[in-house]
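When reading the values below, keep in mind they use all heavy atoms of this one structure, side chains included, and skip hydrogens, waters and symmetry mates. Computed from a prediction, not measured in an experiment: that's the story for all the values here. Count residues from 1 along the sequence.
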Amino acid sequence: KFSARADQETTEGTTTVQQVVSRGSYDYFFAKRWFLNAFTTLEHDKLQDLTLRTRVGAGPGYWFVKTDDVKLSGVLAPFYINENFDVGKDDDSVGLAASEDLAWKISDKQSFHQRLDLYPDLTDSNNFQLQFEIGLRQAMYANWFAEANFVDRYDNAPTAGKDKNDTLYGVSLGYQY
């Protein structure tokens, strides 16, 4: 499974959002509800001074609910993180990711999704990131869709002088293959 998003916003000639986030994961099922999840995330956020944040991890996952219409799963996985900044100090460490993912097929044309990812640093308890995303998707023509979503990205220890919290509201057009 792969997902990516790019966000750019300019207000009155000033760039207020400029970031790219991608996530790739693979689930290997070894029992009816249990699986091994391997993942990587890549993030760039110009306004947070973040050139590239890379996370790579793997760990067990479990399907709490898995029906045709509703899917709810969770993953707990150790990971390695490497952060490169334009001005701030580069850093790398290890952590333990906790993720929850909910998908609800409301109808043949509408779906709802919600995901929460917590990335605590095991070497520094004051350093963690959290990402929450929620969205409503409407199928359009063929594989095209429209989506309204809300994303909250929180970094407890950002580069000096940068905000801890980024909240994004968006409406997008997409293609699913």
Side-chain angles (χ1 to χ4, degrees), residues 1-7 19-45 48-85 88-105 111-137 147 149-159 162-168 170 174 176-177:
K1 186 167 149 180
F2 175 78
S3 63
R5 66 179 295 130
D7 300 298
Q19 64 184 20
V20 178
V21 179
S22 67
R23 177 181 176 82
S25 67
Y26 177 78
D27 295 337
Y28 174 79
F29 290 87
F30 56 87
K32 184 177 179 179
R33 293 187 177 263
W34 287 96
F35 58 93
L36 178 64
N37 173 266
F39 72 91
T40 186
T41 64
L42 303 171
E43 301 175 30
H44 165 75
D45 191 332
Q48 292 290 345
D49 185 41
L50 181 63
T51 304
L52 182 63
R53 175 182 292 136
T54 305
R55 290 186 199 94
V56 178
Y62 185 78
W63 285 101
F64 298 100
V65 177
K66 190 174 183 183
T67 68
D68 290 341
D69 295 333
V70 178
K71 294 177 175 50
L72 173 63
S73 64
V75 172
L76 193 61
F79 68 92
Y80 169 76
I81 183 170
N82 182 280
E83 297 174 303
N84 302 104
F85 298 95
K89 182 182 173 220
D90 293 349
D91 191 24
D92 68 328
S93 62
V94 294
L96 186 64
S99 299
E100 170 269 332
D101 197 355
L102 171 68
W104 173 31
K105 182 180 174 186
S111 62
F112 168 85
H113 66 89
Q114 176 269 311
R115 181 174 181 93
L116 175 66
D117 295 305
L118 174 62
Y119 300 106
D121 185 331
L122 293 179
T123 61
D124 179 0
S125 61
N126 290 321
N127 187 11
F128 66 89
Q129 292 93 34
L130 177 107
Q131 180 165 313
F132 175 76
E133 183 172 343
I134 190 168
L136 185 61
R137 182 177 285 189
E147 183 171 293
N149 58 35
F150 167 78
V151 178
D152 187 3
R153 298 179 65 210
Y154 182 82
D155 186 344
N156 192 55
T159 302
K162 303 299 179 182
D163 291 335
K164 288 185 174 187
N165 207 45
D166 284 334
T167 54
L168 305 167
Q176 184 171 342
Y177 54 94

With a 3.5 Å cut-off and sequence neighbours excluded, list the donor-acceptor pairs that the side chains of residues 98-105 form with protein atoms.
residue	atom	partner	partner atom	Å
Ser99	OG	Asp117	OD1	2.6
Glu100	OE1	Gln114	NE2	2.8
Asp101	OD2	Lys1	NZ	3.4
Asp101	OD2	Arg115	NH1	3.1

Quick one: [atom1] on [X] to [atom2] on [Y], what's the gap to the nearest 0.5 Å?
X	Y	atom1	atom2	answer
Thr167	Phe150	OG1	CZ	5.5 Å
Leu118	Gln131	CG	CD	11.5 Å
Phe30	Phe35	CZ	CZ	9.0 Å
His113	Leu136	NE2	CG	8.0 Å

Shortest non-hydrogen contact from [X] to [Y]?
X	Y	answer
Thr51	Phe85	OG1-C, 3.5 Å
Asn156	Asn127	ND2-N, 4.4 Å
Ser93	Thr123	CB-OG1, 3.5 Å

Item checked: Residues which pass ring pair (Phe, Tyr, Trp, His ring centres under 6.0 Å) with Phe128, listed by chain and number, not counting sequence neighbours ->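 With neighbours one apart ignored, the set is Tyr154.
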Notebook entry, point to check: Taking only residues at least two apart or on different chains, which pairs with a member in residues 21-30 satisfy side chain to side chain donor-acceptor pair (under 3.5 Å)?
Noted result: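 Those involving residues 21-30 are Arg23-Tyr119, Asp27-Asn37.
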Let me have the donor-acceptor pairs involving side chains of residues 56-79, under 3.5 Å, with sequence neighbours excluded, atom names and distances please.
residue	atom	partner	partner atom	Å
Thr67	OG1	Asp69	N	3.3
Thr67	OG1	Val70	N	2.9
Thr67	OG1	Val70	O	3.2
Lys71	NZ	Thr67	O	3.0

Check: Under 4.5 Å between any side-chain heavy atoms of Gln48 and Asp163, yes or no?
Finding: yes
Notebook entry, point to check: Would you say the side chain of Leu50 lies within less than 4.5 Å of the side chain of Lys162, judging by non-hydrogen atoms?
Noted result: no
Note to self: I'd like to check the side-chain contact (heavy atoms from CB on, under 4.5 Å) partners of Leu168; sequence neighbours left out, ordered by chain and number.
What the structure shows: Asp7, Val17, Gln19, Val151
Check: Which pairs, with at least one residue in residues 150-159 and sequence neighbours excluded, count as a salt bridge (charged side-chain N to carboxylate O under 4.0 Å, His left out)?
Finding: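 Every pair satisfying salt bridge (charged side-chain N to carboxylate O under 4.0 Å, His left out) with a residue in residues 150-159: Glu43-Arg153, Asp45-Arg153, Arg53-Asp155.
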